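Have a look at the structure below before the remarks.
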There are 2 protein chains.
Amino acid sequence: MVSDTYEKILDAAERLMVSRGYNAFSYADIAPEVGVGKATIHHHFPTKADLAAAVLARYRKNNRRHVEGLFTAVIDPVARLEAYIGFWEDCIRRQDMPFCIGALLASEIPSLPDAVVQQVRGHFADLSSWLGAVIEDGVAKGRLKAEQGTAVTAECLMASVHGAMLAARVAGSDPAVFSAIARRAVDQLLTAATGDQSPAESQAVPTVTAGGARGP
Amino acid sequence: MVSDTYEKILDAAERLMVSRGYNAFSYADIAPEVGVGKATIHHHFPTKADLAAAVLARYRKNNRRHVEGLFTAVIDPVARLEAYIGFWEDCIRRQDMPFCIGALLASEIPSLPDAVVQQVRGHFADLSSWLGAVIEDGVAKGRLKAEQGTAVTAECLMASVHGAMLAARVAGSDPAVFSAIARRAVDQLLTAATGDQSPAESQAVPTVTAGGARGP
DNA sequence: GAGCTTCAACCGACCAGTTGGTAGAGAAAG
DNA sequence: CTTTCTCTACCAACTGGTCGGTTGAAGCTC
């Protein structure tokens, strides 16, 4: 099987990538965290691109498993979307994984090795196809609406979630900021006849207060 | 007033930051592009944090000017939002400035110097307060709706736009992908009585195709 | 105007520290 | 005896940043 060190290197790299992206972490950061020399990391992952691609590949695999589990465990399409949002809410609140690696690396694409870019593209494809499937099912069951088609609707929801993560990070990793935006994006997909299940649970409105520049 | 070199350094730094973020560009990249020595850059901007903060400060100033000009030049609130989206559409199409620096740096926040983080926060505040003002005016004129309040609505629209930029970058800086998402976010704010001005101009639906499948 | 000072702009050379990556050898285990 | 894993030591290239010094225009005095 895969060695213990191998997995621990991936863990450390993932943690660093979530908070710093691709360009701002180094082998020297990982080595002491795992308790091995730099050369050991190179033994398992010859180049930095290999390492980052491996982190993303594992991340995608876990993500797909989690998300497919959600699909079978939760029958109601609305509840599925809410569980998905809730997952990220928890991640941000618990401060482990306070950002989607795929989305983070997407912004760095022009300075990323090809192998990594491919994984990022793959992640976006994974996600939008899952959201598409959930929405399509929701439309069929009359619980969701997608007037412009399921594909664009999924793309829009995904964009809202990513934008919400960004806003939350700007607000100091505030899960309330994420929720306020992401949950409203889901609410907009609800059909009018969905009064019983998800009664627009009127969140408080956490405005993003500024750094230095908010005028009186 | 300010020297020519000073401005050219800011230009080069801005260009590099748009495509690479903060951590993946260096003084050595800028120097040859401007045609000066590294030491000259340090003369104008003692540290990298100073340089990045100055780039952001100028970016914000230009942005505020542009956006306030839009506010006075365009009277219809819906047209204002469409002009704002159209601006980014053009930026992506022309391939200069294919991303908002503020949003890009926001994802790097945990690894950014304080002075830069403050500018990023400031930019988000600038933007959300402008969008808030446009939406509020639109609501007053009966052209837009903001059931959850103007602040959250503005925050949501901003998130959609940022998410759309991300999706466009993943799709290889495709302006059509940006438009499909961002324009739909605006459409959702329209009141039902807005059939005359903005007749839901049924965009083609460019799906983000996955993996390596994008043509050259 | 000559002679002097001041000062921002600029430069090449240099600095210590870090980057991703390599060489070769020692364990350990089948 | 090979394979896998790990180590120390090393590498050239690059990082942000400093150093002392040159240029040239502006300001001042006589």
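Note that the structure is predicted; figures quoted are calculated from it, not measured. Numbered from 1 within each chain, the chains take letters A, B, ... in sequence-line order. Quick note: numbers below take in every heavy atom, side chains included, and nothing from hydrogens, waters or symmetry partners.
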Aromatic ring pairing A/His66/A/Phe87, orientation class (parallel under 30°, perpendicular over 60°, tilted between): tilted
Side chain to side chain donor-acceptor pair (under 3.5 Å) filter on B/Arg80, not counting sequence neighbours, yields B/Asp137
Please list, for nucleotides 12-14 of chain D, all pairs of protein and nucleotide N/O atoms separated by less than 3.5 Å.
none

Which one, C/dC10, C/dG20, D/dG16, comes nearest to the side chain of B/His44? C/dC10
Any side-chain N or O of A/Thr5 less than 4.0 Å from the OP1 or OP2 oxygen of D/dC5? no
If I take atom OH in residue A/Tyr6 and atom P in nucleotide D/dT6, what distance separates them, rounded to the nearest angstrom? 13 Å
I'd like to know whether CD of B/Gln188 has more than 12 heavy-atom contacts from other residues, nucleotides or ligands below 6.0 angstrom. yes
Straight-line distance of B/Phe25 CZ to B/Ser19 OG, nearest 0.5 Å: 10.5 Å
Nearest whole Å is fine: how far is C/dC10 P from B/Lys8 NZ? 9 Å
What nucleotide among C/dA8, D/dC7, C/dG20 has an atom nearest to a side-chain atom of A/Thr40? D/dC7
Separation of A/Ile41 atom CD1 from D/dT4 atom P, in whole Å? 20 Å
Counting the atoms with a prime plus P, OP1 and OP2 as sugar-phosphate, which does B/Phe45 contact under 4.0 Å by heavy atoms, base, sugar-phosphate, or nothing? nothing
Look at the rings of A/His44 and A/Tyr6 and say which category their plane angle falls in: under 30° parallel, 30 to 60° tilted, over 60° perpendicular. perpendicular
Quick tally for nucleotides 22-30 of chain C: nucleotides whose base has a protein heavy atom under 4.0 Å get B, sugar-phosphate-only ones S, the rest -, giving BB-------
Taking atom C1' of C/dT18 as reference, at what distance in whole Å does atom CZ of A/Phe25 sit? 15 Å
Whether A/Arg169 and A/Asp174 form a salt bridge (side-chain N of Lys/Arg under 4.0 Å from carboxylate O of Asp/Glu) is what I want to check. no
Figure out the NE2/P separation between A/His43 and D/dC5, and round it to whole Å. 5 Å
Please state how far atom CD1 in B/Ile30 lies from atom C1' in D/dT15, giving the value in whole angstrom units. 13 Å
Between the CE atom in A/Met158 and the CG atom in A/Leu131, the distance rounded to the nearest 0.5 Å is 7.5 Å
Run the numbers on A/Glu14 and A/Leu10 for side chain to side chain contact (heavy atoms under 4.5 Å, CB included), then give the verdict. CA-CA 6 Å; A/Glu14 189 176 82; A/Leu10 282 180; over 6 Å; no
Write down the distance between OH (B/Tyr27) and P (D/dG17), rounded to a whole number of angstrom. 5 Å
In whole angstroms, the gap separating C1' of D/dC5 from CD1 of A/Ile9 amounts to 11 Å
Taking only Lys NZ, Arg NE, NH1 and NH2, and the carboxylate oxygens of Asp or Glu, determine whether B/Arg15 and B/Glu33 approach each other closer than 4.0 Å. yes
